[in-house]
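We name chains A, B, ... by the order of the sequence lines, and we start the count at 1 in each one.
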There are 2 protein chains.
Amino acid sequence: MAKTKDINTEKQILDAAKKVFQIKGMNGARMQEIADKAKINKAMLHYYYRSKDLLFEAVFKNAFALLAPQLNAILNDDSSIEEKVRNFTSNYISFIIKHPYLPTFIIQELNRNPEFILKMKDQKGFPNIEKFKKQVALEIKEGIIKPIKGEQLFINILALNIFPFVATPLVKAFANVDNKAFKQLMNDRKTEVADFIINSIKV
Amino acid sequence: MAKTKDINTEKQILDAAKKVFQIKGMNGARMQEIADKAKINKAMLHYYYRSKDLLFEAVFKNAFALLAPQLNAILNDDSSIEEKVRNFTSNYISFIIKHPYLPTFIIQELNRNPEFILKMKDQKGFPNIEKFKKQVALEIKEGIIKPIKGEQLFINILALNIFPFVATPLVKAFANVDNKAFKQLMNDRKTEVADFIINSIKV
DNA sequence: AAATGATTTAACTATTTGGTTAACAAATGT
DNA sequence: ACATTTGTTAACCAAATAGTTAAATCATTT
C-alpha cells in the first residue's frame with residue numbers, strides 16, 4: 001500500500017475542511033474552497049471522504065470530541081462545586097480563546113440538524129450530568145451552597161462561559177466595545193464568571 | 001394603481017420568508033420554498049424584493065426590530081437594577097418562548113456576516129449600554145450592589161437569558177431532559193435566573 | 001368599454017456546485 | 001523489471017438554484 005503520501009493529504013483535507021466548515025457552516029461551505037485550501041484536486045475530497053456529508057461528519061465529530069472532555073472534567077471529578085466552577089471557567093475560556101469558532105459551529109449545526117446529537121450520545125465520553133446533580137443536592141443538604149436545581153446551575157455555568165463567544169458580534173455591538181476591549185473583557189471573565197457564580201450560590 | 005392585491009402578497013412573502021430564513025438561515029433557505037409557502041410564483045419574490053439578498057435583509061431587519069426594544073427596556077428605564085433584572089428576565093423569556101427561532105437566527109447570521117451589525121447600529125433605537133453602566137456604578141457607590149463592571153453584568157444577563165434558547169439541542173442533550181422537561185426548565189428560569197443574578201450582586 | 005398600468009404566471013437561462021470518470025503517476029510487492 | 005495497487009489530475013455531468021422574460025390577467029381611470 002502507498003501510505004507515505006495519503007496520510008498527509010488526508011490530514012490536509014481534514015484541516016482545510018475544519019477551517020471552512022467551522023467558519024461557513026455546512027450550507028455555506030464549498031467543496032472547491034476546501035480543495036483549494038488543502039491544495040489538492042476536488043476529486044480527492046471524494047476519494048478520501050466519499051461525500052460532503054461524510055466529510056462534514058468527520059469534522060463535526062472531531063470538533064465535538066474536543067469539547068466534550070472539557071465538560072466531563074466539571075461533571076465527573078471529585079472536587080467541590082466551588083473548585084469545579086473555578087477550574088472550569090478558567091480552563092474553558094482559555095480553551096475557547098484558542099478555538100473561537102468551535103462553540104458557534106457546534107451549536108449552529110445542531111440547530112440545523114438536531115438529530116445529529118443522537119449519534120454523539122452513543123459515543124462513550126458523552127457528558128452526563130447525573131453525578132453533578134447528586135453533588136449539588138449533597139452540598140445543599142450540607143449547607144455549603146444555597147438551594148438550586150443541578151440542571152439550572154449547569155445551564156448557568158454553560159451560558160455564562162459559552163454565550164459571549166457564540167454571540168460575539170452582538171455582544172460587541174451592544175456593549176459598544178472594539179476588538180481589543182472585547183478580548184480584555186473575555187480575559188477578565190476567567191475569574192469574573194467564577195466569582196459571579198460562587199457569589200450567587202455560596203451560603 | 002392596483003393596490004388591493006399587492007399589499008397582501010407582499011406581506012405573505014415576508015411572512016413566508018421569515019419562517020424559512022429563520023429556520024434554515026440565508027444559506028439554507030431556498031427561494032422556491034419561500035414561494036411555495038407564500039403560495040405564489042417564484043418570480044413574484046423578485047418582483048417585490050428584487051433579490052434573495054434584499055428579501056433576506058428585510059427579514060433580518062424585521063427580526064432585529066423585534067428584539068431591540070426588549071433590550072432598551074432594561075437599558076433605559078428608571079427602575080433599580082434589581083427591578084430591571086427581574087422584569088427583563090421574566091419578559092424576555094416569555095417573549096422568546098413565543099419567538100423561539102429569533103435569537104439563534106440573529107446570532108447565526110451576524111456570525112456569517114459581522115458587518116451586518118453596522119447597518120443596524122445606524123438605526124435609532126439601537127440598544128446603548130451607557131446609561132446602564134452609569135447606573136451600575138452608582139448603585140455600587142451607594143452600597144446597593146457589589147462591585148462589578150456594567151459590561152460584565154450586562155453580558156451575564158444576556159447570557160443567562162438567551163443562551164439556553166440558542167443552544168437548545170446541546171442543553172437538552174447534556175442536561176439529559178426531553179422536550180417537556182426542557183420547557184419546564186425554561187419556564188422556571190423566568191424567576192430562577194433573576195434570583196441567581198440578584199443573589200450574586202446584592203450586598 | 002377602451003386604454004393604461006400594475007400584478008401574476010409559465011417557461012426559460014446562466015451559473016454554481018456536488019459528484020463522477022477515465023486516464024495518468026507513483027509506490028509497492030513479487 | 002514488471003505487474004498491481006494506490007494516489008492524483010483534468011475534464012466532464014447532472015441537478016439545483018437564483019434570477020429573467022414575455023405574455024397574460026386583473027384593476028383603475030377616463
Separation of D:dT20 atom P from B:Lys42 atom NZ, nearest Å, is 10 Å
Quick one: B:Met44 CE to D:dT21 P, roughly how many Å, whole number? 17 Å
From CG of B:Leu45 over to P of D:dT20, roughly how many Å is that when rounded to an integer? 12 Å
Check B:Lys149 with A:Glu192, please: is the shortest side-chain N to carboxylate O separation under 4.0 Å? no
From the options A:Lys42, A:Lys19, A:Lys24, select the one residue that forms a salt bridge (Lys or Arg N to Asp or Glu O under 4.0 Å) with A:Glu33. A:Lys24
From D:dA18, C:dT8, C:dT21, pick the nucleotide closest to the side chain of B:Tyr48? C:dT8
To the nearest angstrom, the OH-P distance between A:Tyr47 and D:dT6 comes to 7 Å
Taken to the nearest whole Å, NE2/B:His46 to P/C:dT13 is 17 Å
Could you tell me the separation between the NZ atom of B:Lys39 and the P atom of C:dT8, rounded to a whole number of Å? 15 Å
Side chains of B:Arg189 and A:Asn156: is there a donor and an acceptor less than 3.5 Å apart? yes
Flag, side chain of B:Lys183 to backbone of B:Ile97, donor-acceptor distance under 3.5 Å: no
Closest approach of B:Glu139 and B:Ile81, non-hydrogen atoms and distance? OE2-N, 3.0 Å
Shortest side-chain distance from A:Asn41, nucleotide among D:dT8, D:dT21, D:dT9: D:dT9
Identify, with sequence neighbours excluded, every residue that meets side chain to side chain contact (heavy atoms under 4.5 Å, CB included) alongside B:Lys172. B:Thr168, B:Val177, B:Asn179, B:Phe182
Using whole Å, what does the distance between atom P of nucleotide C:dT17 and atom CG of A:Leu55 come to? 16 Å
Close residues, residues 23-36 of chain B, relative to DNA chain D [heavy-atom separation under 4.0 Å]: B:Ala29, B:Arg30, B:Met31
From B:Ile201, B:Asn199, B:Ile198, residue fulfilling side chain to side chain contact (heavy atoms under 4.5 Å, CB included) relative to A:Ser200: B:Asn199
Does a side-chain N or O of B:Thr9 approach OP1 or OP2 of C:dT8 to a distance below 4.0 Å, or not? yes
Options D:dT6, D:dT20, C:dT21, nucleotide nearest the side-chain atoms of A:Ala43: C:dT21
Can you tell which of D:dT8, C:dG18, C:dT9 lies closest to the side chain of B:Ile40? C:dT9
Quick one: B:Asn8 CG to C:dA6 C1', roughly how many Å, whole number? 16 Å
Is it the case that the base of D:dG19 and the side chain of B:Lys52 share a donor-acceptor contact (distance under 3.5 Å, atom types as modelled)? no
